[in-house]
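Report on one structure; see the data block that follows.
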Amino acid sequence: MVRDEEGFDYPRVNESRCRDCGRCIEVCPVIDAPNASGHGRRPAAYASWHRDEQVRAASSSGGAFSALAEQVLDRGGIVFGAAFSQDFMGVQHVAAKTRDDLARLRGSKYVQSSTVDAFAQACTELANGRQVLFSGTPCQIAGLRKLVGARNGQLLTCDLVCHGVPSPGVFADYMVEQCQRHQAPTTEYNFRDKAHGWNFPRVRQVFDNGREYGRWDWGDAFTHGFLLNTLLRPSCYTCRFTGFPRVADITLGDYWGVGTRYPQYNDNRGTSLVLANTNAGDGLLQACATRLFSAECDLDHAASHNSYLTKPAAVPRARAVFFDAYRSGESFKVAARSYIRATALLRRACTRIVRRLVWSILGTDLRELFHGLRTRRR
Ligand SMILES: Cc1cc2nc3c(=O)[nH]c(=O)nc-3n(C[C@H](O)[C@H](O)[C@H](O)COP(=O)(O)OP(=O)(O)OC[C@H]3O[C@@H](n4cnc5c(N)ncnc54)[C@H](O)[C@@H]3O)c2cc1C
C-alpha cells in the first residue's frame with residue numbers, strides 16, 4: 001500500500017513479483033461488486049441498545065455491536081473490528097478472541113482503518129472452520145466477501161451506516177500536533193464521549209502527563225472536518241455501497257431522530273439503528289435477545305433521519321482548499337482554518353442550546369402529543 005499526498009493508502013502492484021494471475025481484479029469489489037447478501041429482501045429495522053449500561057456507555061451508539069460480538073465469542077467464534085494503534089496515530093482492524101479484547105474495538109474511530117492483516121487472518125480462521133464475525137465499513141465488507149465468498153453462516157458480517165472515511169495521514173498529523181501542544185503521548189482517545197449524553201457527543205483525549213483535552217464534536221478541528229465531509233477519501237463521494245440491498249448480514253448506525261416517532265426509545269444514552277438484512281442476520285439478532293434490547297421500527301422513518309443510509313456524502317467546496325494547503329506542506333492546524341467557520345460554529349452551538357432547552361421544558365407527554373398531531377395532519 002502506498003500513501004498519496006492526501007494521506008490515503010492505495011494498492012500498488014509490485015511488477016517484479018506479479019505473476020499476472022488476475023486475482024486482484026477478480027476480488028476487487030469496485031470493478032465488480034459482490035452479490036448483496038440480502039437477495040433484495042426489505043431489511044427489518046430495530047431501535048436497540050445493549051442491556052449492560054456500562055457497555056452501552058462505552059459505545060458510540062447503543063452498543064449493538066458489542067452484543068453481536070459477545071454472542072459470536074460465546075459460540076467459540078472470533079470477531080474482527082477497528083482499533084486504534086498503540087500510539088493512537090492510526091486505526092487498523094484487529095481480532096478479538098475474548099470479551100476483554102472487545103474493549104479496543106468498541107467506539108467509532110472516524111479514520112480509514114487498514115484491513116490488510118485482518119483479511120489475511122480472517123481467511124486463515126475461516127479455513128480452520130471457525131465462525132467469524134467481521135465488522136467494518138460497507139466497502140470493507142464488500143472486499144472481504146469478494147475475497148472469501150459467502151461461506152453460508154460461517155462468515156457473519158456487519159457493516160456501518162457510513163458517512164465516509166477521513167484520511168489516515170491527516171489524522172496522524174493532527175495527533176502529532178495534539179501531542180506536541182499537550183507535551184505528552186496519548187493514552188486515551190474517544191471521538192464520541194457520552195459524558196453529556198448521546199445527543200451531545202464530545203471528543204475526549206487523555207495524555208500520559210495526566211492532561212485532558214475535551215471539545216464538542218464541532219469544536220474539534222479534525223472531527224469538524226469529518227462532519228463537514230472535508231477530509232474524506234475521494235471514492236467516498238461516489239460510494240456504490242450506500243443504499244439497498246446492503247452487502248452485510250446486519251447494518252449498524254445511530255438511530256438519529258428516534259425520539260420524533262418513538263420518544264420511549266430516546267433516553268439520551270444511545271440508541272442503535274440495527275438492520276437485519278439477511279436470514280443469518282435475523283438469526284444472530286434473535287440469539288442476542290438476552291443482551292440486546294430491540295424494538296421493531298419503521299425503516300422509512302429511520303432512513304429519513306439518516307441520509308448516509310441511502311446516499312453518499314457530497315463533496316464540499318472546502319475540500320479542495322484544505323487539501324491544496326495540506327499538499328503544499330501547511331500544518332494540519334493551518335490547513336484546517338480553510339473550513340472552520342466561526343459563524344457556523346456559533347449557529348450550531350445556539351441551535352444545540354435551544355434544542356436542549358425545548359426538549360427539557362416539553363415533557364414526554366407533550367412531545368407525544370405534538371408527534372400525534374403531526375402524524376394526523378399527514
Ligand atoms: C467512519 C464512520 C462513519 C460513520 N458514519 C455514520 C453515519 O453517517 N450515520 C450513522 O448512523 N452511523 C455512522 N457510523 C456508525 C456509528 O458511528 C457507530 O459506529 C455504529 O452505530 C455502531 O455503534 P455501536 O454502539 O453498535 O458500536 P460501537 O462499539 O460504538 O462501534 C464499534 C464498531 O464500529 C466499527 N468501527 C469503528 N471505527 C471504524 C472504522 N474506522 N472503520 C471500520 N469500522 C469501524 C468497529 O469495528 C465496531 O464494529 C459511522 C462509523 C464510522 C466508523
Side-chain angles (χ1 to χ4, degrees), residues 45-50 52 54-70 72 79-85 90-96 101-115 118 122 133-144 156-168 171 189-194 198 201 217 222-223 225-229 231-233 236 239 241-242 248 250-258 269-275 285 288 291-294 302-313:
Y46 301 90
S48 301
W49 56 74
H50 202 296
D52 179 333
Q54 277 183 353
V55 173
R56 189 179 176 197
S59 307
S60 298
S61 305
F65 163 72
S66 294
L68 306 176
E70 286 162 12
V72 170
V79 176
F80 290 87
F84 281 113
S85 57
V91 177
Q92 75 260 314
H93 267 62
V94 297
D101 295 344
L102 280 183
R104 281 186 73 200
L105 273 51
R106 226 166 260 141
S108 300
K109 291 98 187 166
Y110 295 129
V111 185
Q112 186 171 22
S113 163
S114 163
T115 52
L133 171 66
F134 202 101
S135 131
T137 59
C139 56
Q140 289 171 336
I141 301 302
L144 180 69
L156 292 164
T157 54
C158 146
D159 69 0
L160 305 167
V161 177
C162 185
H163 192 148
V165 284
S167 157
F171 180 71
Y189 195 93
N190 192 342
F191 275 101
R192 300 261 305 261
D193 183 66
K194 286 186 186 163
W198 171 57
D217 48 4
F222 186 85
T223 303
F226 163 65
L227 293 172
L228 282 178
N229 301 326
L231 307 177
L232 308 185
R233 192 176 174 98
C236 295
C239 177
F241 304 107
T242 48
I250 291 181
T251 297
L252 299 179
D254 289 283
Y255 197 156
W256 299 126
V258 62
R269 283 182 282 180
T271 306
S272 288
L273 171 67
V274 180
L275 305 183
L285 266 181
C288 285
R291 46 189 124 219
L292 186 71
F293 165 81
S294 291
S304 70
H305 287 273
N306 207 329
S307 60
Y308 299 119
L309 184 56
T310 46
K311 63 173 193 316

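Owing to the predicted nature of the structure, the values given are computational and were not obtained by experimental measurement. Indexing begins at 1, ligand by ligand and atom by atom, following the structure's order.
Smallest separation of non-hydrogen atoms from Thr137 and Asp159: C-CB, 4.2 Å. Taking each heavy atom of His305 and Trp256 in turn, the nearest pair found is CB-O, 3.0 Å. The two atoms that bring Ala64 and Val274 nearest to each other are CB-CG2, 3.7 Å, heavy atoms only. A pairwise comparison of heavy atoms in Cys236 and Val165 identifies SG-N, 3.4 Å as the closest pair. Shortest non-hydrogen contact noted between Thr157 and Ala248 is OG1-CA, 3.3 Å.
Nearest protein neighbour of atom 24 (P) of ligand 1, counting heavy atoms only, is Gly63 N, 3.8 Å. Among protein heavy atoms, atom 52 (C) of ligand 1 sits closest to Tyr110 CE2, 3.6 Å. Atom 21 (O) of ligand 1 has Ser61 OG, 2.7 Å as its closest protein atom, hydrogens excluded (heavy atom only). Protein heavy atom nearest atom 45 (C) of ligand 1, with residue, atom name and distance: Ala82 CB, 3.5 Å. Ranking protein heavy atoms by distance to atom 43 (C) of ligand 1, first place goes to Gln140 OE1, 3.5 Å. Nearest protein heavy-atom neighbour of atom 49 (O) of ligand 1: Ser135 OG, 2.3 Å. Nearest to atom 42 (N) of ligand 1 among the protein's heavy atoms is Ser113 CB, 3.8 Å. Protein heavy atom closest to atom 29 (O) of ligand 1, with residue, atom name and distance, is Gly107 N, 2.9 Å.
Between His93 and Phe80, the distance from one ring center to the other does not fall under 6.0 angstrom.
The aromatic rings of Phe222 and Phe171 lie perpendicular to each other, with more than 60° between the two planes, well past the 30° mark. Using the six-membered ring where Trp is involved, Phe226 and Tyr110 have ring planes that are parallel, under 30° apart on the 30 and 60° scheme.
Any N or O atom pair closer than 3.5 Å counts here, and Phe80 shares no such pair with ligand 1. Considering both main-chain and side-chain atoms, Gly81 never comes within under 3.5 Å of ligand 1 through any nitrogen or oxygen pair. For the pair Ser60 and ligand 1, the shortest N or O to N or O distance falls below 3.5 Å. Considering backbone and side-chain atoms alike, Phe226 places every N or O at 3.5 Å or more from each N or O of ligand 1. Taking distance alone, with nitrogen or oxygen atoms compared against 3.5 Å, Phe65 approaches ligand 1 more closely than that limit. The shortest N/O to N/O separation between Asn306 and ligand 1 falls below 3.5 Å. Between Asp254 and ligand 1, a contact under 3.5 Å exists for at least one N or O pair. Considering both main-chain and side-chain atoms, Ser66 never comes within under 3.5 Å of ligand 1 through any nitrogen or oxygen pair. Considering backbone and side-chain atoms alike, Val161 places an N or O below 3.5 Å from some N or O of ligand 1. Checked against a 3.5 angstrom limit, the closest N/O atoms of Lys109 and ligand 1 fall inside it.
In this structure, the side chain of Asp101 does not engage the main chain of Ala95 through any donor-acceptor pair within 3.5 Å. Judged purely by atom type and a 3.5 angstrom limit, Ser294 has no side-chain atom pairing as donor or acceptor with the backbone of Tyr46. Panel note: side chain Arg56, backbone Gly270; a donor-acceptor pair is recorded below 3.5 Å. Here the side chain of Arg233 pairs no donor or acceptor atom with the backbone of Gly164 at under 3.5 angstrom. Using modelled atom types, one side-chain atom of Lys194 and one backbone atom of Ser61 make a donor-acceptor pair closer than 3.5 Å. With Ser85 contributing its side chain and Gly90 its backbone, the two residues share a donor-acceptor pair below 3.5 Å.
Applying the 4.0 Å criterion to heavy atoms of His93 picks out, from ligand 1, the atoms 43 (C). Atoms of ligand 1 lying under 4.0 Å from at least one heavy atom of Gly136, given by number and element, are 43 (C), 44 (N). The contact set between ligand 1 and Tyr308, taken as ligand atoms under 4.0 Å from a residue heavy atom, comprises 8 (O). Under a 4.0 Å criterion applied to the non-hydrogen atoms of Ser59, ligand 1 contributes the atoms 25 (O), 29 (O), 30 (O). Atoms of ligand 1 lying under 4.0 Å from at least one heavy atom of Ser272, given by number and element, are 26 (O). The distance from ligand 1 to the heavy atoms of Arg106 drops below 4.0 Å at these ligand atoms: 29 (O). Heavy-atom contacts of Gly253 reach the following atoms of ligand 1: 11 (O), 12 (N), 21 (O) (cutoff under 4.0 Å). Under a 4.0 Å criterion applied to the non-hydrogen atoms of Ala64, ligand 1 contributes the atoms 26 (O).
Residue contacts with ligand 1: Arg192 is included, with a non-hydrogen atom under 4.0 Å away. For the ligand labelled ligand 1, residue Gln112 lies outside the 4.0 Å heavy-atom shell.
Trp198 is listed as a side-chain neighbour of Arg192, based on a closest heavy-atom distance under 4.5 Å. Looking at Leu68 and Cys288, their side chains come closer than 4.5 Å, going by heavy atoms from C-beta outward.
Comparing Thr137, Leu105, Leu160 by heavy-atom distance to atom 32 (C) of ligand 1, the nearest is Leu105. Between Gly164, Ala58, Ser108, it is Gly164 that holds the heavy atom closest to atom 1 (C) of ligand 1.
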Problem set entry | Candidate pair Cys162 and Cys239, rule side-chain contact (heavy atoms from CB on, under 4.5 Å), full reasoning | CA-CA 10 Å; Cys162 185; Cys239 177; over 6 Å; no
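Separating the CG atom in Leu292 from the CG atom in Leu285 is a distance of 6.5 Å, to the nearest 0.5 Å.
Residue Val111 touches ligand 1 through its backbone alone, judged by heavy-atom distances below 4.0 Å.
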